[in-house]
Amino acid sequence: MPGSPRPAVPGSPRPAVPGNPRPAAPPARLERPSAVLDEAHLGDIEGALGRVRLGEEPPSGLRRRLVTFLAIVGPGLIVMIGDNDAGGVATYAQAGQDYGYSLLWVLLLLIPVLIVNQEMVVRLGAVTGVGHARLINERFGRFWGAFSVGDLFILNFLTIVTEFIGVSLSMSYFGISSYVSVPVAAALLIGITTSGSFRRWERAMFAFIAASLALFVPLVVFSHPQAGPIAYHFVVPGVEHGVSSDAVLLIIAIVGTTVAPWQLFFQQSNVIDKRITPRFIRYERADTFLGSLVVVVSAAIIVIATWYAVRGTPAAGHFTDALGVADAFRAKSRLLGGVFALILLDASIIGAAAVTLSTSYAFGDVFGIRHSLHRSFREAKAFYASYGTLVVLAAAIVLLPGAPLGLLTTAVQALAGVLLPSASVFLLLLCNDPQVLGPWVNPRWLNAVTGVIIAVLLILSGTLVVTTLFTGVSAGGVAVGLAAVVLAGALAAAAWLRFGPGRHATTSAALQRERARAAMTPAERASWRMPPLALLAPVRWSPGTRLGVLVLRGYLVVSVLLLIVKAVQLGGG
């Protein structure tokens, strides 16, 4: 029958149902089985703001496109708003309290980083139908999968702890004990997620997002932002009081909280769970772009408003935690103090929901269990149990007396920034794998941009490592020196690719990718899905790639250890 999928190979996953309607003109080619592992990930797109039915005609006309976008919007917006979580609010507030407007330029530079990284996972999710953790395991082996997913599990758990720290601090502002607020928030999160309906979960997230955006309005109106200095510091890089290792640590924390590794895993799995196929990639790109703008504007508002709250007071330059910032706002206005505390609460709940779900999705990928919000608790007990266990354990840690909550929040964001280059490297490798993405592999310009992003992240973390080991050196000088080293390394790598012994293979692979992309019609490209993982040819790393990845992992291990040293130094100071 024209348009019908080919029967699956015995023992292979169930074939995907194509998202496109039947072609108008026969003959239609038979679709290959795809790698989608769970039938819950096939069917209608059921979003908080609408539905797109399987086999529905492609959208035409402005009104129909808008309706389709409203149905699809969600994964990009939620991952970005979730990015402004408790740790994000605290980190941005610290930037404002300790450095005024001077770090706003960091936020502006993060917009392309957000868009580039998250656009790549959008394509991976829509085209492969397989989660990020499973792709790393299957394409690079269990050794590298254990490193990447192990990093994720540890970092995510610590991040979830910071979300409950945010709940505790925000509610203590109103005199509510953490022994009441934290368990109630944990129960709320578990109840929302275990409802067995993707649409109900997304609608709950949208309700929290709407509340968050509404709360930012009075923060902008009553904090009297200074347009001239704000515009200046957005475009002119600088650091108030000079570049120091503490300032570098905070910049890394800003990067880590704004572009966190969990976002890669969350959005790819959420795109799959929402049943978004290549046909709708452009709508999900728009969703991601919208979310990136919202997250950066929200972060800037927190920086600007916090400087207003502490300017000219003894609190300026002496950040303690988010509760201290709320108290500084209260000294200016009781309304602003309450608004900031509620922003922190809302951000904590959205962040905890997204980060915990990211971990449970990865848990399902690694252990091969059912993991979809479309399934009921009875159908996916292990998936929902992993979610509930993470929430309960993280909440319990926050209730321990004497825990260094403020220090832990900053250190976790910096840890995310240090680990991000590794996550970005594996993301880049996957997006250049023609077995995985076929005609959707990265174009050359995107590889170049991603390479620059990874280089900048390595320079930042390297500066932290050197200034921790040698406290008397200039952080600015170290950063410049590392930039020169990275540039020299990039030029050497480019020369090797251009003139080295493997140049012919590299050129041939690039030509094959370009020819595969050019040979397909738009309709064929929109319906292309990755075949079952068992049918893919194995990945063959060149010796240079393998050595580079090993060196990166070793460097990151050292960086993490020295980050712990730096955090202990700050805690002791």
Side-chain angles (χ1 to χ4, degrees), residues 3-9 12-21 23 28-38 41-42 58 116-140 264 267-269 271-272 275-285 288 365 425-450 505-541 545:
S4 299
R6 188 182 78 183
V9 177
S12 68
R14 175 179 172 175
V17 179
N20 287 343
R29 66 181 178 85
L30 297 178
E31 298 288 345
R32 300 177 302 173
S34 81
V36 177
L37 301 174
D38 193 332
H41 296 151
L42 304 170
V116 166
N117 272 8
Q118 298 307 124
E119 189 278 335
M120 286 193 282
V121 294
V122 164
R123 272 184 288 127
L124 281 173
V127 173
T128 69
V130 176
H132 204 67
R134 187 175 180 87
L135 276 181
I136 292 175
N137 264 340
E138 295 289 339
R139 298 304 287 160
F140 306 124
L264 308 179
Q267 189 169 4
Q268 184 166 332
S269 291
V271 162
I272 296 165
R275 302 163 176 168
I276 294 172
T277 63
R279 174 187 165 199
F280 299 104
I281 280 179
R282 65 183 184 276
Y283 293 97
E284 185 51 31
R285 283 171 172 161
T288 302
D365 279 334
V425 165
F426 282 103
L427 174 61
L428 186 62
L429 291 171
L430 286 171
C431 286
N432 281 278
D433 188 342
Q435 295 285 321
V436 171
L437 284 184
W440 293 94
V441 291
N442 277 4
R444 291 183 181 181
W445 69 265
L446 186 55
N447 288 334
V449 171
T450 308
T506 302
T507 303
S508 175
L511 287 174
Q512 285 179 348
R513 290 198 297 269
E514 293 300 325
R515 287 169 181 168
R517 181 192 296 266
M520 285 193 178
T521 66
E524 288 174 329
R525 190 165 180 257
S527 63
W528 197 92
R529 304 296 298 275
M530 185 183 76
L533 286 162
L535 303 182
L536 302 186
V539 174
R540 298 188 183 278
W541 277 359
T545 301

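All residue numbers refer to positions in the sequence shown, counting from 1. No experiment lies behind these values; they were computed from the predicted model shown. Keep in mind that the numbers below use all heavy atoms, side chains included, and drop hydrogens, waters and symmetry copies.
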| field | Non-neighbouring partners of Val539 that pass side chain to side chain contact (heavy atoms under 4.5 Å, CB included), sequence neighbours left out | value | Arg139, Phe140, Asp433, Trp541
| said: Taking salt bridge (Lys or Arg N to Asp or Glu O under 4.0 Å) as the definition, give me every residue that meets it alongside Glu119, ordered by chain and number, with sequence neighbours left out. | reply: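 Partners of Glu119 by the salt bridge (Lys or Arg N to Asp or Glu O under 4.0 Å) criterion, ordered by chain and then number, come out as Arg123, Arg285.
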Which distance, rounded to the nearest 0.5 Å, do you find between the [atom1] of [X] and the [atom2] of [Y]?
X	Y	atom1	atom2	answer
Arg134	Ile272	CZ	CD1	11.0 Å
Leu533	Gln435	CG	CD	10.5 Å
Arg444	Asn432	CZ	CG	11.0 Å
Leu124	Leu437	CG	CG	5.0 Å
Thr450	Met120	OG1	CE	3.5 Å
Asn137	Asp365	CG	CG	8.5 Å

| request: Check the pair Val436 / Val127 against side chain to side chain contact (heavy atoms under 4.5 Å, CB included), numbers first and verdict last. | output: CA-CA 8 Å; Val436 171; Val127 173; over 6 Å; no
| field | Results of side-chain hydrogen bond (donor to acceptor under 3.5 Å, both in side chains) for Thr288 - residues two or more places apart only | value | Gln267
Return the minimal non-hydrogen interatomic distance between [X] and [Y], and the atom names on each side.
X	Y	result
Gly131	Ser269	CA-OG, 4.0 Å
Trp528	Pro439	CD2-CD, 3.6 Å
Pro531	Leu536	CD-CD2, 3.9 Å

Heavy-atom side-chain proximity of [X] to [Y] below 4.5 angstrom:
X	Y	answer
Leu427	Val121	yes
Trp440	Ile281	yes
Gln268	Val122	no
Glu138	Val130	no

| query | Taking the side chain from Arg529 and the backbone from Ala126, do they hold a donor-acceptor pair closer than 3.5 Å? | reply | yes
